[in-house]
Amino acid sequence: MIVMNGINGTNGINGLKELYRESCLSRMVYLLMNRIIPYVRQQLLESRVWRLWLWFERAVLNFPLVRIFWDTPYTAEIWYKSRFYGFLTAHTEKITRRMGQSAIAYDCGFAAVFLGAVILLPDRLWSGFFFVPALIGLSIFYISCNARNRSGTMFMIICSVVFVFIVLFLLLFPLSTVTTLFYLLLSFIFFFLVSFSVKSRGDLEKFMLIIFGAAAILCTIGFVQNLVTDKAATAYFADSVRFGEIIILMFPFAFTYPMEYVHRRRRYLYAGFIFIIAFNAIVATRSRAAYIGFLIELAILLITDKKHAPFIILLIPLGLGSLAGNLREALAATTRHGNVITNVTSLFKNFWDFGFGVNTDRFMAIYNSVSPDRGGGVFSNIINVSPVYINFIIDIGAVILVVFLIYILKIAHSALTSLLFGDKRYKKLSAAGLAMLIGLSVSSFFESTMFDPRIMLIYWAMIGMLRSVRIMNLSAVGADEGDGELGNFNDKK
């Protein structure tokens with residue numbers, strides 16, 4: 001009766017409110033908010049578990065040695081105040097003063113073009129003989145243009161440390177056992193080069209434009225190749241798994257580029273094109289790993305921005321036959337593992353082994369391969385090196401590698417928190433980076449080629465872009481020097 005008297009007016013709204021106040025639901029909400037939650041909160045604050053947590057936080061987490069591993073600003077403060085950092089900086093500055101400054105000004109577009117060449121160069125032309133000198137030359141060019149800036153000094157220190165490790169490994173161990181590690185260390189250099197080069201949204205636009213163009217070319221080639229040959233698309237890579245993994249690495253940033261930097265209606269045209277062509281290319285690879293990783297990326301992009309939903313409609317009429325076949329293969333592969341418990345345990349094991357695309361088994365294989373028992377390096381027959389020094393070098397390298405893995409997790413965590421508390425201008429970019437990391441992580445449960453030299457370069461370049469987004473986002477919300485990580489400082493000394 002209350003609702004019918006004024007269903008179309010104010011009386012109807014008041015009637016609904018009165019009906020809610022008299023309902024059982026209102027009573028349950030009242031008890032939950034005013035009785036149950038305060039009671040649980042009070043019991044928790046008075047419990048031994050809470051007192052144990054307070055003790056753990058005070059005695060363990062705030063202990064200086066433990067705090068170094070999780071509190072980045074604290075670690076950075078210790079690093080910048082240390083004598084070792086002062087020693088390195090002072091000697092590096094002496095070297096940079098003697099270096100001649102390049103007549104050509106450095107622009108982040110050079111690093112973007114290098115990334116584009118890494119992506120688009122066919123496998124038959126790809127060779128470390130060309131890639132390594134090009135990366136070293138680009139790094140020297142950056143140092144010569146920024147030698148008088150703090151970023152140039154820090155980048156030179158990083159390159160020097162990596163170079164020392166490379167020389168030590170090549171001298172002490174056979175080349176065949178350290179090749180993958182050699183390319184991994186060079187990828188770290190490219191990671192810092194990208195993150196130091198991208199300092200503004202304009203710099204980020206250049207990188208994302210290259211990624212958009214490269215993704216459009218690769219996906220078009222793969223789609224046409226599948227139509228003509230009716231075989232799994234590989235573009236010009238060694239196999240379809242590598243092709244699918246590269247698409248997964250590029251797609252979130254390629255799709256975000258038009259939404260961020262293209263104006264008016266053209267953004268929807270460009271975004272729709274890259275969405276459709278990437279979807280068809282992923283299906284054309286016939287790789288369940290690439291397919292599932294792409295769907296995960298799509299889900300994250302949809303969750304973070306509901307405006308992307310209309311583009312799904314564009315995909316409904318396209319590729320349904322291949323889509324169904326690919327899904328059927330994925331389900332069939334899953335059932336071969338046995339019962340539900342086996343599948344769940346296998347899933348968690350894969351998450352541990354391949355989280356965020358980092359294959360821990362492969363890392364341990366590399367670690368075990370560089371041992372004194374595997375033979376000597378260039379000078380092994382000339383000088384007698386104690387196994388103590390060799391093991392020391394290996395262990396230091398393993399520690400640095402673990403630090404990088406932890407840092408990837410921090411970047412992923414920062415991308416997630418940026419979606420909730422960060423500057424609005426960087427939310428889509430943070431969502432793209434998070435989608436890339438999670439999509440790659442899920443696809444790696446099935447198949448992974450992350451230790452291919454080319455894919456390592458692309459992967460660490462994307463991580464470097466995400467790190468730059470993180471720094472710009474923290475600067476935009478007024479953080480003091482970001483979170484104190486390496487390179488988050490003003491250029492001028």
Side-chain angles (χ1 to χ4, degrees), residues 104 107-142 162 166 170 175-176 178-191 193-194 197 206-229 231-251 253-254 274 277-278 280-282 284-287 289-290 357 362 440 447-465:
I104 303 174
D107 187 86
C108 71
F110 293 107
V113 171
F114 178 79
L115 175 61
V118 171
I119 297 172
L120 294 176
L121 196 66
D123 252 19
R124 293 181 179 179
L125 300 178
W126 174 263
S127 172
F129 181 77
F130 297 104
F131 143 68
V132 174
L135 179 58
I136 294 175
L138 187 61
S139 302
I140 294 174
F141 180 41
Y142 177 84
V162 171
I166 290 175
L170 291 179
L175 181 61
S176 58
V178 296
T179 301
T180 304
L181 189 61
F182 171 72
Y183 284 114
L184 180 62
L185 292 174
L186 290 178
S187 299
F188 289 166
I189 291 180
F190 192 44
F191 160 75
L193 179 63
V194 171
S197 299
K206 297 177 182 178
F207 272 88
M208 295 183 69
L209 175 60
I210 292 292
I211 294 172
F212 177 86
I217 294 173
L218 283 183
C219 293
T220 302
I221 293 175
F223 176 61
V224 173
Q225 184 184 50
N226 177 252
L227 287 179
V228 174
T229 63
K231 296 181 180 179
T234 61
Y236 39 70
F237 298 104
D239 52 56
S240 60
V241 177
R242 286 178 172 84
F243 182 38
E245 204 154 32
I246 289 176
I247 296 176
I248 289 176
L249 284 170
M250 294 191 298
F251 171 73
F253 290 102
I274 197 66
I277 197 66
N280 280 277
I282 283 289
T285 62
R286 299 178 183 176
S287 169
R362 186 65 182 273
L440 183 66
E447 295 172 300
S448 179
T449 58
M450 279 303 299
F451 282 88
D452 180 82
R454 184 199 299 250
I455 295 180
M456 278 196 295
L457 272 178
I458 301 172
Y459 172 74
W460 285 104
M462 300 302 171
I463 297 293
M465 289 174 55

Taking atom [atom1] of [X] and atom [atom2] of [Y], what is their separation to the nearest 0.5 Å?
X: Ser187; Y: Leu193; atom1: OG; atom2: CG; result: 12.0 Å
X: Leu185; Y: Phe191; atom1: CG; atom2: CZ; result: 13.5 Å
X: Met250; Y: Ile274; atom1: CE; atom2: CD1; result: 8.0 Å

For the residue pair [X] and [Y], establish whether any side-chain heavy-atom pair is separated by less than 4.5 Å.
X: Met462; Y: Ile211; value: yes
X: Ile119; Y: Ile217; value: no
X: Val113; Y: Phe110; value: no
X: Lys231; Y: Gln225; value: no
X: Leu184; Y: Trp460; value: yes
X: Val194; Y: Leu115; value: no
X: Leu218; Y: Ile247; value: no

Tell me whether the rings of Phe237 and Phe243 are parallel (<30°), tilted (30 to 60°) or perpendicular (>60°). parallel
Under the side chain to side chain contact (heavy atoms under 4.5 Å, CB included) test, which residues partner Ala112, sequence neighbours left out? Phe207, Ile210
With Phe114 via side chain to side chain contact (heavy atoms under 4.5 Å, CB included) - residues at least two apart: Val118, Phe131, Ala134, Leu135, Leu138, Phe190
Distance-minimising heavy-atom pair for [X] and [Y]:
X: Gly222; Y: Ala284; result: O-CB, 4.2 Å
X: Ala233; Y: Ser240; result: O-CB, 3.3 Å
X: Leu121; Y: Tyr236; result: O-CE1, 3.7 Å

Can a donor-acceptor pair be found, under 3.5 Å and without considering hydrogens, that links the side chain of Tyr183 to the backbone of Leu457? no
Would the number of heavy atoms belonging to other residues, nucleotides or ligands and lying under 6.0 Å from CD1 of Ile104 be above 12? no
Just jot down the salt bridge (Lys or Arg N to Asp or Glu O under 4.0 Å) partners of Arg454, sequence neighbours excluded, or say none. Asp123
